[in-house]
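We count ligands from 1, going down the list as the structure has it; atoms in each ligand are counted the same way. Because the structure is predicted, anything quoted here is derived from the model rather than measured.
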Amino acid sequence: MSTSKPLSILVVEDSLADYRLVKEMLEECAGDNFVLHHAEQVSTAVPLLESAGVDIIILDLGLPDGNGLDTLVKVHALTPDTPIVVLSQVEDEAMAVKAVRMGAQDFLVKGHISGALLNRSLRYALERRQLEEHLHRLAHHDALTGLPNRKLFYDRLARAVAAARRHERPLALMLLDLNEFKQVNDTWGHQVGDELLRQVADRLSRCLRSTDCVARLGGDEFILYVSDLGDIQDTARIAAKLIESMGEPCVIGGNPYTIRCSLGIALHPEDGDDIEVLVREADAAMYAAKAASGGGSSYRFYSRELDAAAAKRRELEESLRRALAAGEFVVNYQPQIDLHSRRVVGMEALMRWHPTGGEIVQPGEFMSALEESGLIVDVGAWVLETACRQAENWRRDHSMSLKIAVNISPRQFRDPHLVARVTDALKVSGLEPGQLELELAESSLRDDETLALDVLRRLNALGVRIALDNYRGRAMSLRDLKGFPIHSIKLDRSIVRDMADNPEDAAIVQAVISVAHVFRMKGVAEGVETQGQVDLLRSHACDDAQGFAFSRPLSAEAFDELLCRSPGGAYMH
Ligand code: C2E
Ligand code: MG
């Protein structure tokens, strides 16, 4: 035998003479490369099996406390993973063959054994067992992370739920999903994505006890259960620990990658007894955690209300997917006015959904579903192209160079193909890049400043303008913004609304506009509804404005009519 670590062999044999014979044969061909243990019957073998770390068992089928095959069944049950070679009398050979069918690796007939035969039999038994284990691993584990796969997990979960029922101890089922993992794969490549998944798997495993289990369901989704829980606080503590374990960035190839995850929890027996039900509930809770987290890591327990919300969300997402295919999205245009010349200088493209035969739906009702499902990337690309074509048509038809502002959501901003999409939209429409302004959310810049700066520089290189949308002056100071190549700051509707009554908001408006001018940015007011606001903004030297005071968002036809009515530039207020 050529193993480096001495092999631990247990011989269960009541005949001392037969035991000695086996021992001599092993010494003859394996030297001292083994440690031998001896038990005369099954009952004395038990403590040895528990303490001696036995690698292989040589088992006599004719023991005083065993009954032929019954002996094998008992020993196999005690230690199902240890290979067994059975010893039989000549007249019991048929039984020995049966023993192999029942799980023994091999059989040897007493009086017909040589050292070489014994050696070969043991070696083959071990090799076969390793092969079996390997195949078992392959069939039951995820090749990437080494975690149990779906099937093995569900088998274990079924047993754990049965035990939880028996012992009346709660069990928590959790689903964990990495936020924005697709972006990691798209931006940094699959090797980095794979390594990230391996590290996540490792961190999760380390948080759990050996009686718990975690598996990868595929993609970036993990499932796990924690059994034998004291109370709900226990579960919350474990959930917090799992999330905390993702706190440190993963270092891959010397670069840090931040992981954010969403965790949904369903409890047995409170939330249900059936595994499929628990999984569905944990999924709904995970989704709710993701939706509420604003991109950060969080966990959420399942509650009944989530069922209805989850069903509604799935329905809405499906309808939106169909709407995109059926061309049910339309773009409206809200004029932007230069407060000094009082002329229309541009328009913001605002999306609407017009289901066939139904009422027009405003973005407030579907934007978050588009964003969370990722559909916004495709729908947004369509808006971008449509708006650029429209602006170019108006330039041609009315000889007016109007600026077209298009909203880019955080998800669109993180799309690695954003710059390519903008390039395409400019190319197919023929629009001058300087006429396109992309409106970005503050969170897009804040989440990953290095990435944001890189994207902004590449967009700037195309010659398009950048506006910071919905600026409230709270999350990022103007000094933080100085480092970004931005051309306009759009004051949020809430500040414009409150500036007449709230001195703090009035001060923000004034400061933002004057600081913007220092940095050569334009100050643009949104949601301007009254003449009083128009006058106040003018007195603060605000550059441009949009809002119901001038015009509501208009259909392309209505906007066209507006331009026809006022050749050379519509004049308002
Ligand atoms: P936003 O970019 O802040 O757009 C301005 C919103 O204010 C629009 O809402 C507009 O109709 C509304 N508005 C304009 N003037 C006034 C006013 O005087 N008073 C009031 N109360 N509201 C005014 P809308 O069209 O419902 O759009 C909501 C949000 O949906 C937009 O906010 C934008 O973030 C998002 N959105 C709309 N279209 C698109 C799109 O094509 N792509 C992306 N990514 N987001 C879009
Ligand atoms: Mg906007």
Closest protein heavy atom to [atom], given as residue, atom name and distance to 0.1 Å:
| atom | answer |
| --- | --- |
| atom 44 (N) of ligand 1 | Gln412 OE1, 2.8 Å |
| atom 16 (C) of ligand 1 | Phe548 CE2, 3.2 Å |
| atom 27 (O) of ligand 1 | Pro363 CG, 3.4 Å |

Does an N or O from [X], backbone or side chain, lie closer than 3.5 Å to an N or O of ligand 1?
| X | answer |
| --- | --- |
| Met351 | yes |
| Gln546 | no |
| Val383 | no |
| Gln334 | yes |

Identify the heavy atoms of [X] and [Y] that sit nearest to each other, and give their distance.
| X | Y | value |
| --- | --- | --- |
| Leu431 | Glu392 | CA-OE1, 3.6 Å |
| Ser551 | Gln334 | O-NE2, 3.0 Å |
| Gly346 | Phe559 | O-CZ, 4.4 Å |
| Pro249 | Arg203 | O-NH2, 3.4 Å |
| Asn332 | Ser555 | OD1-CA, 3.6 Å |

Under 4.0 Å from a heavy atom of [X]: which atoms of ligand 1 are those, numbered in the order shown and with their elements?
| X | value |
| --- | --- |
| Pro553 | 11 (O) |
| Glu348 | 1 (P), 2 (O), 4 (O) |
| Glu529 | 17 (C), 18 (O), 19 (N), 20 (C), 21 (N) |
| Ser409 | 44 (N) |
| Arg352 | 11 (O), 24 (P), 25 (O) |
| Asn470 | 3 (O) |

I'd like to know if the Mg ion (ligand 2) has an N/O/S atom from Glu348 within less than 2.8 Å of it, counting both backbone and side-chain atoms. yes
Using protein heavy atoms only, decide if any is under 4.0 Å from atom 32 (O) of ligand 1. no
Indicate whether atom 9 (O) of ligand 1 is within a distance of less than 4.0 angstrom of some protein heavy atom. no
Provide the atom name of the closest N, O or S atom of Glu439 relative to the Mg ion (ligand 2). OE1
Could you work out, for atom 6 (C) of ligand 1, the closest of Lys490, Arg493, Met367, Glu526 by heavy-atom distance? Arg493
With atom 2 (O) of ligand 1 as the reference point, say which of Val528, Asn407, Leu438 has the nearest heavy atom. Asn407
Classify the angle between the aromatic ring planes of Phe366 and Trp353 as parallel (below 30°), tilted (30 to 60°) or perpendicular (above 60°). perpendicular
Taking the six-membered ring of Phe153 as reference, does the NZ or CZ atom of Arg150 fall below 6.0 Å from its centre and within a 45° cone about the axis? no
Angle at the Mg ion (ligand 2), OD1 of Asn407 to OD2 of Asp469, rounded to 10 degrees, please. 80°
Is Ser488 reaching over with its side chain to a backbone N or O of Lys522, donor-acceptor style, under 3.5 angstrom? no
Between [X] and [Y]: side-chain donor-acceptor atoms closer than 3.5 Å:
| X | Y | answer |
| --- | --- | --- |
| Glu348 | Asn407 | yes |
| Glu195 | Gln199 | yes |
| Arg396 | Asn393 | yes |
| Arg304 | Tyr302 | yes |

More than 12 heavy atoms of other residues, nucleotides or ligands under 6.0 Å from CH2 of Trp382: yes or no? yes
Honestly, for Asp469 the part within reach of ligand 1 (heavy atoms, under 4.0 Å) is side chain
